[in-house]
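For reference, the structure is listed below as structure tokens.
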Amino acid sequence: MKLHEYQSKQLFAAHGVPIPKGEIATTPGEAWRIASELGGPVVVKSQVLVGGRGKAGGIKLAQTSDEAEKVAEGILGLEIKGLPVRKVLIDKAADIQEEIYLGTVIDRTNRRAVMMASSEGGVEIEEVARTNPDAIKKVIIDPFLGLRDYQTLTLAKGIGLPSEYYREFGRIARGLYEAFLAYDASLAEINPLIVTSTGELQAVDGKMVLDDNGLFRHPNLAEMRDVDEESSTERAAREAGLSYVQLDGEIGCMVNGAGLAMATMDIIKHFGGAPANFLDIGGGAKAERVATALRLILADENVKAVLFNIFGGITRCDEVAKGILAAFEEVKLTVPLIARLVGTNEKEGREILNRSGYRLITAVTLAKAARKAVAAARSGTEA
Ligand code: GDP
Ligand code: MN
């Protein structure tokens, strides 16, 4: 579960991280009141659960409370990356000299939390990792020892922070790590952590992702869940009982079982392709669910071929085949479709597909199916 900027910053502040004074507004009038109470210039910030709000016009400075009201009205009417803006944070504007990145995530390879810092703050860390990986400094945190002073010093020196900030930087890093632990987060990030012209460090942005499996320990945080968190695709998938994660490859995957879905993605990669999604249609997939899944996959413009990999156990291949045909009645098939149906009622399933008159590519083994899908996605035709 993702938390909003204002929620994350409040949790960070509870662990000693300095944040700007500010309040949430849901109407332009409230924005005006908050801005006049804060006095002086403010920054009006859309609270939506996506990054890059600044670039999308969701963050604006306002010099007066009248301007804050006007700016808030504009931002409250926006939709950012498909998410409606329902709240804005009105923060006292900061005088920014430097922008630093500071974040903690779980590093699965090391089986530890790692803390990362970069002098390239304000930009998404993935972007820095691509363009300037050397600018990111990392320390691996031993869960029994915690974050040590020498580690925060390593980070501060590594990003070229002047020595007069070492102590305060260390304090903020410890606060961030404490918050990360206290709320069972999988990510806690300050981007940017700023240095002001008067020489103070301050977290002007905050982001937290909480481990859903730990939420029962934090009922008050569970209540913070934003119903607008999901994209319309993710919501449609959840409501249909599908596990769906959009990726950026060109081969749409429709698979029953999470393990088989992972294996399918691996084998697509192995043959030089890239999966467009992870999708587990679950056990005993009924026609309607298959149709919904196919609709979701084909709605993705990147998809150049669709690979069905169904292993019939509880799931019956004939049911899945009917689902595929039902889906074709609503969704026009614009890309090659490769179907591998094996297991319970596979013969009936294949017959249903063959009788349908649709031109489908079939394969018996997963390796052959994946190879055909990769070839089809490349040429846009049958393998
Ligand atoms: P994001 O785009 O969603 O990551 O939102 P951020 O809160 O990180 O804001 C984006 C950028 O807006 C920051 O990197 C800053 O450059 C700028 N910004 C944010 N708050 C302030 C502020 O109080 N004063 C000034 N001058 N700039 C700000
Ligand atoms: Mn940011």
Side-chain angles (χ1 to χ4, degrees), residues 2-13 17-25 31 34-65 67-68 71-72 74-76 78-105 116-132 135-136 159 172 176 179 185 187-209 226 228-229 231:
K2 293 181 191 166
L3 292 184
H4 280 295
E5 171 193 1
Y6 74 96
Q7 297 164 331
S8 309
K9 287 202 296 201
Q10 276 162 13
L11 298 180
F12 296 164
V17 174
I19 60 168
K21 226 167 131 60
E23 242 182 273
I24 282 290
I34 297 164
S36 45
E37 279 169 20
L38 290 172
V42 294
V43 54
V44 181
K45 312 182 75 176
S46 55
Q47 298 298 292
V48 280
L49 294 164
V50 289
R53 294 166 301 160
K55 273 191 207 146
I59 297 180
K60 293 227 160 79
L61 280 167
Q63 298 304 321
T64 64
S65 39
E67 195 186 341
V71 167
I75 293 182
L76 282 166
L78 287 180
E79 221 182 58
I80 299 180
K81 298 181 184 170
L83 300 178
V85 180
R86 302 197 199 282
K87 287 179 250 174
V88 287
L89 173 64
I90 314 294
D91 263 356
K92 210 167 167 40
D95 180 4
I96 302 180
Q97 291 297 110
E98 297 283 346
E99 300 197 26
I100 298 167
Y101 172 93
L102 185 65
T104 295
V105 286
M116 296 182 288
S118 159
S119 53
E120 312 270 298
V123 193
E124 285 191 35
I125 194 73
E126 292 84 0
E127 172 79 21
V128 183
R130 247 194 326 273
T131 55
N132 191 6
I136 302 175
I159 63 170
I172 291 172
L176 181 66
L187 176 144
E189 182 182 270
I190 303 172
N191 188 23
L193 172 67
I194 61 157
V195 183
T196 67
S197 56
T198 48
E200 280 151 293
L201 296 181
Q202 207 177 47
V204 303
D205 189 12
K207 181 174 169 185
M208 266 192 136
V209 181
D226 185 331
D228 293 327
E229 175 180 348
S231 70

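Start at 1 and go down the list; that is how both ligands and their atoms are numbered.
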query: Taking distance alone, with no angle check, do N191 and ligand 1 share an N/O pair under 3.5 Å?
result: yes
task: Using a 4.0 Å heavy-atom cut-off, say whether E124 meets ligand 1 through its side chain, its backbone, both or neither.
output: neither
- prompt: Near E99, which atoms of ligand 1 are under 4.0 Å from a heavy atom of that residue?
  reply: 13 (C), 14 (O), 15 (C), 16 (O)
message: For atom 26 (N) of ligand 1, what's the nearest protein heavy-atom neighbour? Residue, atom name and distance, please.
response: A94 O, 3.6 Å
Non-hydrogen atom of D91 closer than 4.0 Å to ligand 1: no
query: Is the side chain of D91 donor-acceptor paired with the backbone N or O of K45 at a distance under 3.5 Å, no angle test?
result: no
- request: Using a strict cut-off of 4.0 Å, indicate which atoms of ligand 1 neighbour a heavy atom of G54.
  value: 2 (O)
task: Identify whether the distance between the nearest side-chain nitrogen and carboxylate oxygen of R53 and D205 falls below 4.0 Å.
output: yes
- request: Verify whether one side chain among T196 and D95 offers a donor that lies under 3.5 Å from an acceptor in the other.
  value: no
field: S118 and E120 side chains, donor-acceptor separation under 3.5 Å
entry: no
message: Assess, by modelled atom type and distance only, whether the side chains of E189 and Y101 contain a donor and an acceptor separated by less than 3.5 Å.
response: yes
- prompt: Is there side-chain contact between L83 and V85, with at least one heavy-atom pair below 4.5 Å?
  reply: no
- request: For A93, take its heavy atoms, then give the atoms of ligand 1 lying under 4.0 Å from any of them.
  value: 23 (O)
- prompt: Below 4.0 angstrom, N of the basic side chain to O of the carboxylate: do K207 and E5 qualify?
  reply: no
- prompt: For ligand 1, which atoms have a heavy atom of D205 less than 4.0 angstrom away?
  reply: 1 (P), 4 (O), 5 (O), 6 (P), 7 (O), 8 (O)
query: Taking C-beta and beyond as the side chain, do I59 and V43 meet within less than 4.5 Å on heavy atoms?
result: yes
query: Nearest protein heavy atom to atom 19 (C) of ligand 1, by residue and atom, and its distance?
result: K45 NZ, 4.1 Å
task: Number the atoms of ligand 1 from 1 as they appear, then name those within less than 4.0 Å of a heavy atom of G122, with their elements.
output: 14 (O)
query: Can you list the ligand 1 atoms lying under 4.0 Å from a non-hydrogen atom of G52?
result: 2 (O), 3 (O)
query: Using a distance threshold of 2.8 Å, what protein N/O/S atoms lie below it relative to the Mn ion (ligand 2)?
result: N191 O, D205 OD2
query: Can you tell which part of K55 has a heavy atom less than 4.0 Å from ligand 1: side chain, backbone, both or neither?
result: neither
Side chain proximity check, I194 to L201, heavy atoms < 4.5 angstrom: no
message: I'd like to check I100 versus S119 (side-chain heavy atoms, cut-off strictly below 4.5 Å). Are they in contact?
response: no
- request: For atom 28 (C) of ligand 1, find the nearest protein heavy atom and state the residue, atom name and distance (0.1 Å precision).
  value: I96 CD1, 3.6 Å
Protein residue, atom and distance nearest to atom 3 (O) of ligand 1, heavy-atom basis: R53 NE, 2.7 Å
- prompt: Do L176 and L102 have side-chain heavy atoms sitting under 4.5 Å apart?
  reply: yes
query: Are any non-hydrogen protein atoms located under 4.0 Å from atom 13 (C) of ligand 1?
result: yes
task: Below 4.0 angstrom from a heavy atom of I59, which ligand 1 atoms are there? Numbered from 1 as shown, please.
output: 5 (O), 6 (P), 7 (O), 9 (O), 10 (C)
